[in-house]
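Shown next, in structure tokens, is the structure this report addresses.
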Amino acid sequence: MERTLAIIKPDGVRKQLIGAIIDKIERAGFKVVALKLTRLTKATAGEFYAVHKERGFYGELVEFMSSGACVPMILEKDNAVADFRTLIGATDPAKAADGTIRKLYASSVGENVIHGSDSIENAKLEGAFFFSTQDVVAMHA
Ligand code: UDP
Ligand code: MG
């Protein structure tokens with residue numbers, strides 16, 4: 001069973017969308033196997049998004065991701081990484097497909113309510129960024 005790392009970003013938490021977003025995720029067949037409410041410091045947000053360090057939006061992204069609480073989760077499903085990217089939609093909510101989480105709830109390309117890993121390898125690294133192995137519950141369907 002494949003896993004991916006999702007984060008309900010600070011805008012999603014501020015808009016009180018934790019329940020609505022998790023409802024969409026569970027209805028799409030993903031099992032939540034690890035979850036917490038946490039707040040990133042600028043340092044940890046910067047480390048999580050280090051791959052974007054040279055991009056113009058990096059400073060703003062780090063500010064935003066450390067601006068309030070967020071909800072990282074490890075999700076389990078067949079083809080979890082690709083299917084979750086489909087469920088969340090394009091980075092820019094204006095370009096996201098109808099019914100996707102970003103189309104439904106996001107307000108801008110920066111504040112786009114949800115993160116999803118972009119590869120199986122990154123899903124493992126990002127999962128380990130937030131959770132230890134003992135935080136991850138083995139789920140049996
Ligand atoms: N982002 C932004 N401006 C951009 C592109 C990205 O503020 O022009 C932010 C946005 O929050 C996005 C995150 O940086 O989700 C990571 O960008 P990436 O290209 O990896 O998009 P994602 O994988 O989240 O769809
Ligand atoms: Mg990305």
Side-chain angles (χ1 to χ4, degrees), residues 1-139 141:
M1 196 64 86
E2 197 171 293
R3 288 175 177 170
T4 193
L5 187 278
I7 308 172
I8 301 175
K9 297 184 179 182
D11 56 333
V13 175
R14 272 194 287 272
K15 290 196 260 188
Q16 293 182 251
L17 291 170
I18 296 172
I21 291 172
I22 293 177
D23 184 56
K24 287 276 297 172
I25 291 170
E26 289 189 317
R27 282 172 192 273
F30 293 87
K31 289 189 195 304
V32 179
V33 297
L35 176 150
K36 65 181 165 190
L37 180 75
T38 188
R39 183 168 179 172
L40 299 176
T41 62
K42 278 189 204 181
T44 48
E47 198 186 325
F48 183 79
Y49 278 115
V51 65
H52 293 306
K53 212 170 215 156
E54 308 307 324
R55 310 285 293 276
F57 59 81
Y58 180 71
E60 216 177 338
L61 177 60
V62 168
E63 284 292 334
F64 165 58
M65 288 301 293
S66 59
S67 69
C70 67
V71 180
M73 293 173 267
I74 296 178
L75 305 174
E76 196 172 83
K77 184 184 176 298
D78 284 333
N79 204 38
V81 171
D83 285 359
F84 193 69
R85 295 288 298 197
T86 301
L87 181 67
I88 70 178
T91 309
D92 181 352
K95 295 177 185 149
D98 284 347
T100 59
I101 291 172
R102 283 168 167 168
K103 180 71 168 196
L104 284 167
Y105 299 125
S107 52
S108 70
V109 64
E111 306 212 354
N112 58 5
V113 303
I114 189 108
H115 168 83
S117 306
D118 64 3
S119 68
I120 293 173
E121 190 191 357
N122 282 336
K124 285 178 185 155
L125 294 170
E126 293 176 1
F129 189 89
F130 286 105
F131 298 100
S132 67
T133 48
Q134 67 198 17
D135 294 326
V136 183
V137 178
M139 298 284 283

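Since we're looking at a predicted model, the values are computed, not measured. Indexing begins at 1, ligand by ligand and atom by atom, following the structure's order.
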Contact table ligand 1 N or O to protein N or O, d under 3.5 Å:
unit_1, atom_1, unit_2, atom_2, d
ligand 1, 11 (O), Lys9, NZ, 3.0
ligand 1, 11 (O), Gly110, O, 2.8
ligand 1, 15 (O), Lys9, NZ, 2.9
ligand 1, 15 (O), Asn112, ND2, 2.9
ligand 1, 17 (O), His52, NE2, 3.4
ligand 1, 20 (O), His52, NE2, 2.9
ligand 1, 21 (O), Thr91, OG1, 3.3
ligand 1, 23 (O), Arg85, NH1, 2.8
ligand 1, 23 (O), Arg85, NH2, 3.2
ligand 1, 24 (O), Arg102, NH2, 3.0
ligand 1, 25 (O), Arg85, NH2, 3.4
ligand 1, 25 (O), Thr91, OG1, 2.5
ligand 1, 25 (O), Arg102, NH1, 3.0

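In this structure, Lys103 places its NZ atom where more than 12 heavy-atom neighbours from other residues, nucleotides or ligands lie under 6.0 Å away.
Residues Lys9 and Ile114 approach most closely at CE-O, 3.5 Å, considering heavy atoms.
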Exercise. Would Ile8 and Val113 satisfy side-chain contact (heavy atoms from CB on, under 4.5 Å), going step by step from the backbone distance to the final call?
Worked result: CA-CA 6 Å; Ile8 301 175; Val113 303; 5.7 Å; no
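Each of Leu75, Ile21, Val32 was evaluated against Glu26; a single residue qualifies, Val32, per the side-chain contact (heavy atoms from CB on, under 4.5 Å) test.
In this structure, Lys36 is positioned above the aromatic face of Phe131, its NZ or CZ under 6.0 Å from the six-membered ring centre and within 45° of the axis.
The ring-ring contact (aromatic ring centres under 6.0 Å, His included) test applied to Tyr105 returns no partner, not counting sequence neighbours.
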